[in-house]
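Note sheet for the following structure.
Since the structure is predicted, the reported quantities are computational estimates derived from the model, not experimental observations. Below, chains carry the letters A, B, ... as their sequence lines are ordered, and counting in each starts from 1.
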Amino acid sequence: MNLQEFTQSKYNFEECMKCTVCTAYCPVLQVNPLYPGPKQAGPDGERLRLKDPFFFNYALKYCMNCKRCEVACPSGVKVADLIQAARIKHDHSKPKLRDRMLASTDTMGSLARPLAPVVNATIGLGVTKSLLDATLKIDKHRTFPKYSGRSFEGWLKRHAKAQAAFPEQVAYFHGCYVNYNYPQLGKDLVKVLNALGVGVQLLEKEKCCSIALITNGMSGKATKQATHNVGVLRKAIIDKGLKVLTTSSTCSLTLRDEYPGLLGIDNSDIRGAIQIAVRYIYEKLEGGAKLEFKPDYHKKIAYHVPCHMERLGWGVFSEKLLRSIPGVEFTLLDSNCCGIAGTYGFKKENYEASQKIGEPLFNQIREVNPDVVACDCETCKWQIEMSTGYKVMNPISILAEALA
Amino acid sequence: MRFDCVIIGGGLAGLTAGLKLQSKGLDTAIVSTGQNALHFFSGSFASMQEAPAEIIELFSAAGIKLHYEKGVRLMPLGTFRDAELSLEDIELFKAPKFAKKALVVNLSGFHDFFASFLAEGLEKQGISCQIRSINFPELEALAKSPSEMRSVQIARIMDRITDKVIREVRMLLSDEDAVVLPQVFGLQDSAVIEQLRKGIPVRVVFAGTLPPSVPGIRTQMLLKRRYEALGGTFMASDEVLKAHLYEGRVHSIATRNLDNHFIEADNFILATGGYFSKGLRSNPFGISEPIFGLDVRFDENRSAWYNPSFAADQPYMKYGVVTDASLHALREGKALENVFAIGSILGGTRPELGTGAGLAIRSALEASNQILNIK
């Protein structure tokens, strides 16, 4: 008989022993004294909030939701979930226009895409940046990712027939970034999977995974989008028997863990079939499939494990795949947060903290001096490229580049 | 995924075994569920009476300087304890009276360091003591959030202003021949410790604070970095849910993050620790080992688990997983051929291997040797 089964508290918060290990690993606490820290904001604060919501502290907004506290916790407390859940439950302030814009990656993408050249030229201008900084408090150091004139969805639809001809099929949750900003990553995935004899399909109509809505105080809209996504994921996974692949660690974590954990949406019937592409490819190769690489490929690669990839525990797949490419000189970077945490680092009030958090990572990258930094997260990519000048590529794109 | 050896547990025992095996050319992985007892590490490896050249070499390659001599060390509440193998942070004395006159220095607003207990303890040894507090404006931002005025947060700042710390301490010194400082230095790099010792003209002694342990975290970080540099796979944030056994051998394990992607290995080392890290689980009816269902030695009579005197040795701390002479773990009375148990999951079942950090290291080396011999 296991009594503990019947006494488990939500997010395991009663398991907290007050050992303070989480506080040693919180990147925000190191740079922002206004943040109460994961222990105080999480399990300690929860005890008070359960007594009276009056004890809710608005400084919880400084949590980046990087989940490093959960990775560090020896007692299995879901510290970051506790903090984000408290924000959802108790913070009823209306999100600012800026936060609504930053969080609505889908809407902004659909609006900007048809006008991509104009939008790209305009948001890249110093004047625009200063204006955004002054009016919306979007930090002027940031550059928005460029919009692509053609969406990935459009591209894949045009190739649907050819993709359907492959004997094996997977569905791809491409996410907003691949669709609106960087379709090349999606194309790279298609290239690698095709080389393995696997065709790629779109989901019926995916919406943004909604992580930015959750962290920007728009959980209502997030729940709607998530419910829609779970519906289309079910169609692919249960009706068609497909696996659904992603190329973004944060999209993966959101679809698998934030939906049930923070939005209360049950995904237990499909969770296991949602996987990051590197895992699927690794398993294919382990099962005997072969990829042909260029004989003369050479690259010095430093791999940064994004925080959410670490939480998912899947960095090992990217690492093993990259190491398996002939001609790759591989360095695993120390486990550090790059500091951007999605939309967090775009906000003027967080910019300085964001850069300070990333410093150890940036310094190590400069020390290693790689040809390219590998990383499974698009916002880490922006942050590292802006802060170090080194080029960042998704491991999938590196695989695609190295293919013969 | 397949490895030569999978180590379950990323604390001192697991990392030591991982380092040794990986440096001998084996392909290994460490599956770790959250951080470990190194975060509570005093800086001395209890019960290491012999000079362990191998461990000094293994750690030195990771950038961790250990020193070995028989002596006593100053404890956080002003008592003294025998110690031998220690991190460079820890001073070892021939006798508790290590100075004539000592200056105990705390930082204003830091409540996790017990200066008055220390002073009282030193006075008892005939060391006359003065307590002084230094007020660093750099710490003021930290003090805004009183719950976070803690060792690690302070160390991050102290390591940036080491020169200033030296100046301030020197200004407080008059005729003392020793300074006692809290262990809030050298979070990333022990060079800070060296710098303080060079810059302060008298003997510098570091005394423990409440956890987390700054030298412990540095040790964990350096061991992990070295392990990964040797090509080891460190899976943080995962948890082993199930082991697949067949005819007295474990052929694979299932983890929370990898669900149906099993991890296979020739050998498995169980280094999941004691009750705190859930290597051992207890409920009112017994004590068990959750992954392999190993045999655990404990008293059937539950009232014998505890000694009502709080400070006494507690019998439950002696309970642990049962092993054969070569540390193979036992299940239903039989040794599992390819599963070794090391570290504090052994409790007091192998008294000859010591306790605490000493047990972790000794059993890790022993199990690693067994595995290397099989190869």
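- At a 4.5 Å heavy-atom cutoff, the contact between B:R2 and chain A is made by backbone atoms alone.
- Scanning both residues, B:P211 and A:T20, for their nearest heavy atoms gives O-OG1, 3.6 Å.
- Residue B:H39 touches chain A through its side chain alone, counting heavy-atom pairs closer than 4.5 Å.
- Checked against ring-ring contact (aromatic ring centres under 6.0 Å, His included), A:F56 has the following partners two or more places apart in sequence or in another chain: A:Y58, A:H90.
- The shortest distance between side-chain heavy atoms of B:K278 and A:E15 falls below 4.5 Å.
- Rounding to the nearest 0.5 Å places CG of B:D238 at 11.0 Å from CH2 of A:W314.
- The CZ atom of A:R323 sits 7.0 Å away from atom OG1 of B:T233, with the distance rounded to the nearest 0.5 Å.
- Two residues are said to be in side-chain contact when any heavy atoms from C-beta on lie closer than 4.5 Å; A:V316 and B:F234 fail this criterion.
- A search for side chain to side chain contact (heavy atoms under 4.5 Å, CB included) contacts involving A:C16 returns A:K18, A:P43, A:V77, not counting sequence neighbours.
- What you find for B:I217 and A:A24 is that their closest heavy atoms are CD1-CB, 3.8 Å.
- Annotation: maximal heavy-atom pairing with chain B below 4.5 Å, among A:A72, A:P33, A:G37, occurs at A:A72.
- How far CD of A:E319 is from CD of B:E228: 7.0 Å, rounded to the nearest 0.5 Å.
- A salt bridge links A:R256 to B:D259: one of the charged nitrogens lies within less than 4.0 Å of a carboxylate oxygen.
- Both the backbone and the side chain of A:C19 come within contact range of chain B, each with at least one heavy atom under 4.5 Å from a heavy atom of that chain.
- Contacts between B:E140 and chain A at a heavy-atom distance below 4.5 Å are absent for every atom of the residue.
- By the neighbour-count criterion of 12 heavy atoms within 6.0 Å, atom CD of A:Q364 is densely surrounded, having more than that number from other residues, nucleotides or ligands.
- Summarising the local packing, NZ of A:K78 is surrounded by 12 or fewer heavy atoms from other residues, nucleotides or ligands at distances under 6.0 Å.
- Both the backbone and the side chain of A:E310 come within contact range of chain B, each with at least one heavy atom under 4.5 Å from a heavy atom of that chain.
- Rounding to the nearest 0.5 angstrom, the gap separating the CD atom in B:Q35 from the SG atom in A:C73 is 10.5 Å.
- Nearest heavy-atom pair across B:A236 and A:V71 is CB-CG1, 4.0 Å.
- When the ring-ring contact (aromatic ring centres under 6.0 Å, His included) test is applied to B:Y275, the partners found at least two apart in sequence or on another chain are B:Y316.
- Residue contact with chain A, scored on non-hydrogen atoms closer than 4.5 Å, involves the backbone and the side chain of B:M1 alike.
- Ring orientation note: the planes of B:H261 and A:Y282 are tilted relative to one another, at an angle of 30° to 60°.
- By the 4.5 Å heavy-atom criterion applied to side chains, A:Q30 and B:V152 are not counted as neighbours.
- Taking all atoms of both residues into account, the shortest heavy-atom contact from B:L258 to A:R279 is O-NH2, 3.1 Å.
- For residues 328-338 of chain A, the interface with chain B (any heavy-atom pair closer than 4.5 Å) comprises A:L332, A:D334, A:S335, sorted by residue number.
- More than 12 heavy atoms of other residues, nucleotides or ligands sit less than 6.0 Å from atom NZ of A:K300.
- The OG atom of B:S237 lies 10.5 Å from the CZ atom of A:R68; values are rounded to the nearest 0.5 Å.
- Other residues, nucleotides and ligands contribute more than 12 heavy atoms inside 6.0 Å of the NE2 atom of B:H244.
- Within the 4.5 angstrom heavy-atom criterion, no atom of A:K67 approaches chain B.
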